[in-house]
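What you are looking at is a predicted structure, and each value in this text was computed from that prediction instead of being measured. Chain letters run A, B, ... following the sequence lines, proteins first, then strands; residues in each count from 1.
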Amino acid sequence: MNQELAEIFYEIADILEMKKVQWKPQAYRKAARSLESLGENVKDIYKEKGFKGLTEIPGVGEGIAKKIVQFIETGKVIELEKLKKKIPEGLADMMKVPGLGAKRALKLYKRLGIKSIKKLEEAAKKHEIQNIETFKEKSEENILKGIEFLKRSKGRVLLGYALPIARYIESQLKTLKEVKKAVSAGSLRRREETIGDIDILIVASNAEPVVKFFTEMPVVERVLAKGKTKAVIITKDDIQVDARIIKPESFGSALQYFTGNKEHNIHLRRLALKKGLKLSEYGLFKGKKQIAGKTEKEVYNKLGMCYIEPELRTDSGEIEAALKKKLPKLVGYDNIKGDFHVHSKWSDGSDSIEEIAKTAKDNGLSYIAICDHAGHLKIAHSLDEKRIEKQGKEIDKINKKLSEIKILKGAEVDIMADGTLSLKNSALKKLDIVIASIHSGFRFPKEKQTERILKAMDNPYVNILGHPTGRLIQRRESYEIDLEKICEKAKERKIALEINANPERFDLNDANVKEAIAKGAKLAIGTDSHSKTHLSFLELGAAIARRGWAEKKDILNCLSLKQLMKFLRKT
DNA sequence: GCCGTTTTCGGCCCGACTGTTTTCAGTCG
């Protein structure tokens, strides 16, 4: 619902821009972005808090709220239908071609009657476009390249996929003697679940060789821009990477600016203006004098607030909290002592328990819970009671052998349609830790789904509710649940809600985490590893917790083994 | 169309790069 509405508002913005309407396009886009990053479904907001609730969404006022209501009730927004009649269908699509904005797209339509990407491609191939003033051969070439990119590009990529690529490019850049710093900013540094492009900031003694190196790296497929301080490339796996060369005295303000997000930055710049200052990527200025910019902290402090961690910079209350110095002390990446959700060869994982435990130990963990599938799910080689017992003996052996790491005996059991579990209590009782998850019946209506989960949570042996909403990023919607009720039950029953750190899941997500904490529920990060290399997802789980404003006390993984065992032995 | 510690009108972030231009508009982030 939110995404559909966002797309409608983006389209309205595009058409309005072509019609040379001032300001409204920005307003619609702001609302669209706001909807995209909203944790809650607008439909639920409307149901619970009515029209007023909608206008409380940042960037949504009376006008846009009315359109949201219209969409909820009728499935359409009349304004868009009207606008579409004035501008040929497909024309707004043309703006998706990189380098082609509203004005030039409209010009092509007016002069050549081009009104779709397909027609655009044909015209460019026939060299009809270079005859229009302000278009020449180069424009034609770029349009074709842009269309090609559009066809191949998969859009936003998962954080878990982009992060290693970014780190690799950073490390390559750091091999240059000119490079003093190379740091990724942007949505990657905010640890968003998907990344549009990678932004790398570089401090270098001499920009020229750095730009040359960057645009000629072996991973480069195509160079989009190459200037004195900025270069843009597309990698062979179709990820756009921007590089900026920064002076050391501006490094903090540049890092701040390029870490964003957009709303956060605009908010800060407005605050700066109110103080009679100007904030840009070059620094915070009073007249022509730079008063901050070397570090991010300096910039935030000079604006009258405390430092804001990158993961929080989404303009969703963090600036107000920072001004009042009331930001939470976020859980640290190094506070995470263990992993609660690991599969081994015993079910559908690919490594032995011993291999996994050794890797975990090398990663600095002090405990992991082996939670293989247990019960009826034959396809994942689920363990029955007998095999669980056998596995337990193997774990005992390895525990004796390895020091500094403790392997907990666990299982991931299925929540059946009626809310019972796929393994008998007599078996669950013997385990250190039990994760209950839904692996079937994704489409149950909200009430039934919630009831089913609540019933499972009443089982005395359940410790963690696995991937509570079941969504897969870009692939499957959440199942419909009443998260509020589930959080209340979690608090009451001392059951932790999982933050599944698998990059395709990230479930609970940041907004859910915030809600869970507000309701007093604890959270447990699990990587859902099916191979020892997946154990490194733990940091991504910590990132979600941080984006959800979690503190150490909210996260089970911060407990020492002793404290943890106490938590698990609930009455 | 949105928003308000300059509040119900009058603002709306700021700068780099490109291609086409001969000083700049368009696009992007």
Side-chain angles (χ1 to χ4, degrees), chain A residues 9 12-14 16-18 20-34 54-68 77 79 94-108 129-130 132-143 145-146 185-187 195-201 207 211 215 223-233 240-246 250 253-254 256-285 304 315 319-320 323-324:
Chain A
F9 292 143
I12 290 177
D14 287 345
L16 288 174
E17 193 156 47
M18 288 191 181
K20 300 195 174 112
V21 176
Q22 298 276 306
W23 308 116
K24 289 190 189 185
Q26 277 110 304
Y28 277 106
R29 287 197 184 111
K30 185 181 158 77
R33 281 195 301 272
S34 190
L54 293 177
T55 60
E56 279 165 17
I57 301 168
V60 175
E62 229 172 279
I64 290 182
K66 274 186 192 159
K67 293 181 177 74
I68 294 175
V77 175
E79 177 77 12
M94 283 164 59
M95 291 173 61
K96 295 200 178 94
V97 178
L100 211 54
K103 297 193 172 137
R104 284 159 69 83
L106 193 64
K107 195 170 195 177
L108 288 174
I129 289 174
Q130 52 179 277
I132 311 295
E133 72 273 19
T134 72
F135 286 89
K136 286 242 161 90
E137 293 93 342
K138 195 87 184 173
S139 313
E140 235 164 32
E141 207 176 294
N142 282 338
I143 285 170
K145 280 182 183 168
S187 48
I195 305 299
D197 57 16
I198 296 172
D199 298 289
I200 300 185
L201 302 190
V211 169
T215 52
V223 177
L224 290 184
K226 187 179 170 184
K228 276 182 190 141
T229 62
K230 176 186 168 181
V232 182
I233 57 128
Q240 181 173 320
V241 188
D242 296 14
R244 298 269 182 158
I245 320 291
I246 310 293
S250 300
S253 43
Q256 190 288 310
Y257 172 70
F258 287 107
T259 300
N261 72 0
K262 195 170 179 141
E263 279 72 28
H264 178 91
N265 284 348
I266 291 175
H267 195 154
L268 281 192
R269 287 181 177 198
R270 277 214 302 264
L271 284 179
L273 282 175
K274 275 182 198 152
K275 286 179 181 285
L277 306 171
K278 190 187 75 162
L279 178 63
S280 77
E281 56 264 51
Y282 295 103
L284 185 63
F285 293 89
D315 196 22
I319 292 176
E320 291 81 355
L323 284 167
K324 290 184 206 143

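Comparing B/dT7 with B/dT22, their C1' atoms are spaced 46 Å from each other, to the whole Å. A distance of about 25 Å separates the C1' atoms of B/dC13 and B/dG19, rounded to the whole Å. The C1' atoms of B/dT21 and B/dG29 are separated by 24 Å, rounded to the nearest whole Å. Here, B/dT8 and B/dC14 have their P atoms 23 Å apart, quoted to the whole Å. Taking atom C1' on both nucleotides, B/dA16 is separated from B/dC3 by 29 Å, rounded to a whole Å. Straight-line distance between the P atoms of B/dC28 and B/dT23: roughly 25 Å, to the nearest whole Å. Separating the C1' atom of B/dA25 from that of B/dT20 is a span of 9 Å, rounded to the nearest Å. Taking atom P on both nucleotides, B/dC12 is separated from B/dT18 by 29 Å, rounded to a whole Å.
Judged by distance alone, the side chain of A/Arg104 and the main-chain N or O of A/Phe135 form no donor-acceptor pair under 3.5 Å. Side-chain atoms of A/Thr215 come within 3.5 Å of backbone atoms of A/Val211 as a donor-acceptor pair (strictly under, hydrogens ignored). Of the possible donor and acceptor atoms, none in the side chain of A/Asp199 sits under 3.5 Å from a partner among the backbone N and O of A/Ala185.
A straight line from CE of A/Met95 to P of B/dG26 spans 13 Å, rounded to a whole angstrom. For the pair A/Lys145 NZ and B/dT18 C1', the interatomic distance rounds to 13 Å; values are reported in whole Å. B/dG29 atom C1' lies 8 Å from atom CG of A/Asp199, rounded to whole Å. Remark: P of B/dG29 and CD1 of A/Ile198 are 14 Å apart, rounded to the nearest angstrom. Spacing between atom NZ of A/Lys274 and atom C1' of B/dT6 amounts to 9 Å, rounded to whole angstrom units. Put simply, OH on A/Tyr282 is 10 Å from C1' on B/dC14, counting in whole angstrom units. As a whole-Å value, the separation of A/Leu224 CG from B/dG19 P is 10 Å. The separation between A/Ile245 atom CD1 and B/dA16 atom C1' is 13 Å, rounded to whole Å.
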Every protein N/O lying under 3.5 Å from an N/O of nucleotides 23-25 of chain B:
none

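The number of heavy atoms from other shown groups lying within 6.0 Å of CD (A/Glu320) is above 12. Atom NZ of A/Lys107 sits in a crowded spot, with more than 12 heavy atoms from other residues, nucleotides or ligands closer than 6.0 Å.
Between the OH atom in A/Tyr257 and the NZ atom in A/Lys262 there is a gap of 7.5 Å [rounded to 0.5 Å]. Summarising the geometry, atom CD belonging to A/Glu140 is positioned 10.0 Å from atom CD1 belonging to A/Ile132; distances are rounded to the nearest 0.5 Å. Note: A/Ser253 OG to A/Phe258 CZ = 10.0 Å, rounded to the nearest 0.5 Å. To the nearest 0.5 Å, atom NZ of residue A/Lys230 and atom CD1 of residue A/Ile245 are 12.0 Å apart.
The side chain of A/Asn142 contributes an N or O atom lying less than 4.0 Å from OP1 or OP2 of B/dG19. Contact annotation: A/Ser280 does not reach the phosphate of B/dC13 (side-chain N/O to OP1 or OP2, under 4.0 Å). Taking only side-chain nitrogens and oxygens, A/Ser187 never comes nearer than 4.0 Å to OP1 or OP2 of B/dG29. Considering only side-chain N and O atoms, A/Lys278 lies under 4.0 angstrom from the phosphate OP1 or OP2 of B/dG15.
At the heavy-atom level, A/Gln26 lies nowhere under 4.0 Å from the strands shown. A/Val60 comes within 4.0 angstrom of sugar-phosphate atoms only, judged by non-hydrogen atoms across all strands, and of no base. Within the nucleic acid shown, A/Pro98 comes within 4.0 Å of sugar-phosphate atoms alone, with no base atom in reach, counting heavy atoms only. Across all strands shown, A/Lys228 has heavy atoms under 4.0 Å from sugar-phosphate atoms exclusively, and none from any base. At the heavy-atom level, A/Lys67 lies under 4.0 Å from the strands shown only through sugar-phosphate atoms. Backbone-only contact: A/Lys138 has heavy atoms under 4.0 Å from sugar-phosphate atoms and none from a base. Residue A/Ala31 is out of contact with every strand shown, counting any heavy-atom pair closer than 4.0 Å. Here A/Tyr257 lies in heavy-atom contact (under 4.0 Å) with a base.
With a 4.5 Å cut-off on side-chain heavy atoms, A/Glu17 and A/Arg29 count as touching.
Using a 4.0 Å cut-off between a side-chain N of Lys or Arg and a carboxylate O of Asp or Glu, A/Glu281 and A/Arg269 qualify as a salt bridge.
Each of B/dG1, B/dT27, B/dT18 was ranked by its minimum atom distance to the side chain of A/Ala225; first place goes to B/dT18. Closest contact between the side chain of A/Thr229 and the listed nucleotides B/dC17, B/dG29, B/dG1 involves B/dC17.
In terms of position along DNA chain B, the nucleotide closest to A/Ala231 lies nearer the 5' end than the nucleotide closest to the other residue of the pair A/Lys136 and A/Ala231. Along DNA chain B, the nucleotide closest to A/Val97 and the one closest to A/Ser139 are compared, and the more 5′ of them pairs with A/Ser139.
In this structure, B/dC2 forms a base pair with B/dG11, meeting either the Watson-Crick or the G-U wobble geometry with both donor-acceptor distances under 3.5 Å.
Nucleotide B/dT5 is shown with an anti base, its glycosidic torsion being more than 90° from 0.
At a non-hydrogen distance threshold of 4.0 Å, A/Lys262, A/Ile266, A/Arg269 from residues 260-271 of chain A come into contact with DNA chain B.
For A/Trp23 and B/dC12, the ring-to-base geometry satisfies the stacking test (centroid distance below 5.5 Å, interplanar angle below 30°).
A/Ile195 approaches A/Asp197 most closely through the heavy-atom pair CG2-O, 3.2 Å. Contact record, A/Ala31 with A/Ile64: CB-CD1, 3.6 Å, taken as the closest heavy-atom pair.
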